Amino acid sequence: MTRPLIRLNPAGLFDASQNHHAQGTLVDGGRLAFFSGQIAWQRGVEMAPPSLAAQTEIVCRNLRSCLDSVGATSGDIVSLRAYIVDWTPEKAAEVFPPLVAFLGDAMPSLTGIGISALFRPDLKIEIEMVVRVPD
């Protein structure tokens, strides 16, 4: 049976749980799956929606598909890395609600990185993910 992931918030660092993530995650055994950055693309749809919130919802659905493909849940996510075009703190209000809904009670390691552009001008967010695959 897979052991639970241990979420780390070292005493010398700020308590990241208030921002719905952990400073680190300890993985004890098991296989890891590394998923490429997911963007707001959907089958049969040419362009991503214009809002960051709508794109984040699609990205989270795509991440859910990745989890499903290996029989994992949000509780098995080791870390997420989010790339957000022209990131400002105000954009957190658009990104965090769908991201928190996707994560539920899981609080994986999370890094947000502001970038100038993704590979197409209509894309505003990309999130890559590392998951421990359940036994």
Side-chain angles (χ1 to χ4, degrees):
M1 174 173 226
T2 303
R3 294 183 187 165
L5 298 174
I6 300 168
R7 306 301 182 185
L8 306 171
N9 282 297
L13 302 177
F14 82 94
D15 181 7
S17 64
Q18 64 190 347
N19 292 326
H20 305 284
H21 70 279
Q23 292 287 2
T25 303
L26 179 62
V27 179
D28 187 15
R31 297 180 303 156
L32 296 176
F34 296 79
F35 288 100
S36 296
Q38 297 301 303
I39 53 177
W41 278 6
Q42 305 169 84
R43 287 182 185 233
V45 178
E46 292 289 321
M47 297 289 286
S51 84
L52 179 57
Q55 286 197 25
T56 304
E57 288 175 9
I58 294 167
V59 167
C60 289
R61 281 198 303 266
N62 292 345
L63 292 170
R64 173 74 56 212
S65 293
C66 293
L67 291 174
D68 292 346
S69 76
V70 295
T73 69
S74 59
D76 296 307
I77 299 171
V78 175
S79 67
L80 296 171
R81 186 170 295 133
Y83 303 91
I84 300 103
V85 174
D86 298 326
W87 175 254
T88 62
E90 293 76 27
K91 290 188 178 181
E94 293 183 71
V95 171
F96 275 103
L99 187 57
V100 169
F102 163 68
L103 292 173
D105 292 338
M107 292 193 182
S109 302
L110 172 64
T111 300
I113 303 165
I115 58 173
S116 61
L118 289 166
F119 82 101
R120 272 191 20 187
D122 60 318
L123 297 173
K124 299 179 181 213
I125 185 167
E126 181 170 345
I127 301 178
E128 61 184 334
M129 176 172 68
V130 177
V131 176
R132 193 215 16 226
V133 179
D135 292 337

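What you see is a predicted model, and the numbers here were worked out from it, not measured in a lab.
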**Q** Is Glu46 atom CD crowded by more than 12 heavy atoms from other residues, nucleotides or ligands, each under 6.0 Å away?
**A** no
**Q** Got Val131 and Cys66 here, is their nearest side-chain heavy-atom distance under 4.5 Å?
**A** no
**Q** Just so I know, are the side chains of Ile77 and Thr25 near enough to count as touching, which here means a heavy-atom distance under 4.5 Å?
**A** no
**Q** Say whether, by atom type as modelled, one donor and one acceptor occur between the side chain of Glu57 and the main chain of Ala40 under 3.5 angstrom.
**A** no
**Q** Give the other cluster members for Leu8, using side-chain heavy-atom distances under 4.5 Å between Ile, Leu, Val, Met, Phe, Trp and Tyr residues; answer none if it is isolated.
**A** Ile6, Leu26
**Q** If I compare all heavy atoms of Lys124 with all of Leu118, which pair ends up nearest, and what's the gap?
**A** C-CD1, 3.9 Å
**Q** Do Ile58 and Thr56 touch side chain to side chain, with heavy atoms closer than 4.5 Å?
**A** no
**Q** Does Arg61 form a side chain to side chain contact (heavy atoms under 4.5 Å, CB included) with Gln42? I'd like the steps, not just the answer.
**A** CA-CA 10 Å; Arg61 281 198 303 266; Gln42 305 169 84; 3.5 Å; yes
**Q** Can you tell which of Val133, Val78, Asp76 makes a side-chain contact (heavy atoms from CB on, under 4.5 Å) with Leu32?
**A** Val78
**Q** Check the surroundings of atom CG in Asp105: do more than 12 heavy atoms from other residues, nucleotides or ligands lie under 6.0 Å from it?
**A** no
**Q** Looking at every heavy atom in both Lys91 and Val85, which two are closest together, and how far apart are they?
**A** NZ-O, 3.0 Å
**Q** Could you check whether any side-chain N or O of Asp122 sits under 3.5 Å from a backbone N or O of Ala48, counting only pairs where one atom can act as donor and the other as acceptor?
**A** yes
**Q** Under the side chain to side chain contact (heavy atoms under 4.5 Å, CB included) test, which residues partner Ala101, sequence neighbours left out?
**A** none
**Q** Is atom CZ of Arg31 surrounded by more than 12 heavy atoms (other residues, nucleotides or ligands) closer than 6.0 Å?
**A** no
**Q** Are Val95 and Val100 connected in a single hydrophobic cluster, I mean Ile/Leu/Val/Met/Phe/Trp/Tyr linked by side-chain heavy atoms less than 4.5 Å apart?
**A** yes
**Q** Would you find a donor on one side and an acceptor on the other, under 3.5 Å apart, between the side chain of Ser17 and the backbone of His20?
**A** no
**Q** Taking salt bridge (Lys or Arg N to Asp or Glu O under 4.0 Å) as the definition, give me every residue that meets it alongside Glu128, ordered by chain and number, with sequence neighbours left out.
**A** Arg81
**Q** Give me the atom names and distance for the closest heavy-atom approach of Ser74 to Ala106.
**A** O-CB, 3.3 Å
**Q** I'd like to know if Val27 and Met129 are part of one continuous hydrophobic network [Ile/Leu/Val/Met/Phe/Trp/Tyr, side-chain heavy atoms within less than 4.5 Å].
**A** no
**Q** Please name the pair of heavy atoms, one in Asn9 and one in Gln23, separated by the smallest distance, quoted to 0.1 Å.
**A** OD1-N, 3.2 Å
**Q** Restricting to non-hydrogen atoms, name the atom on Ala53 and the atom on Pro98 that form the minimum distance, rounded to 0.1 Å.
**A** O-CG, 4.0 Å
**Q** Quick one: side chain to side chain donor-acceptor pair (under 3.5 Å) partners of Ser65, sequence neighbours excluded?
**A** none
**Q** Is there side-chain contact between Ile127 and Phe102, with at least one heavy-atom pair below 4.5 Å?
**A** no
**Q** I need the full list of ring-ring contact (aromatic ring centres under 6.0 Å, His included) pairs touching residues 26-83, with sequence neighbours left out, sorted by first then second residue.
**A** Trp41-Phe119
**Q** Heavy-atom distance under 4.5 Å between the side chains of Ile125 and Leu52, does that happen here?
**A** yes
**Q** Are any side-chain N or O atoms of Asn62 and backbone N or O atoms of Ile39, one a donor and one an acceptor, separated by less than 3.5 Å?
**A** yes
**Q** Given side chains that start at C-beta, do those of Cys60 and Leu99 come closer than 4.5 Å, heavy atoms only?
**A** yes
**Q** Can you list the residues that meet the side chain to side chain donor-acceptor pair (under 3.5 Å) rule with Asp86, with sequence neighbours excluded?
**A** none
**Q** What is the distance from atom CE of Met107 to atom CD of Gln18, rounded to the nearest 0.5 Å?
**A** 10.0 Å
**Q** So which heavy atom on Leu103 is nearest to which on Leu80, and how close?
**A** CD2-CD1, 3.9 Å
**Q** Do Pro108 and Arg7 come close enough that some side-chain heavy atom pair is under 4.5 Å?
**A** yes
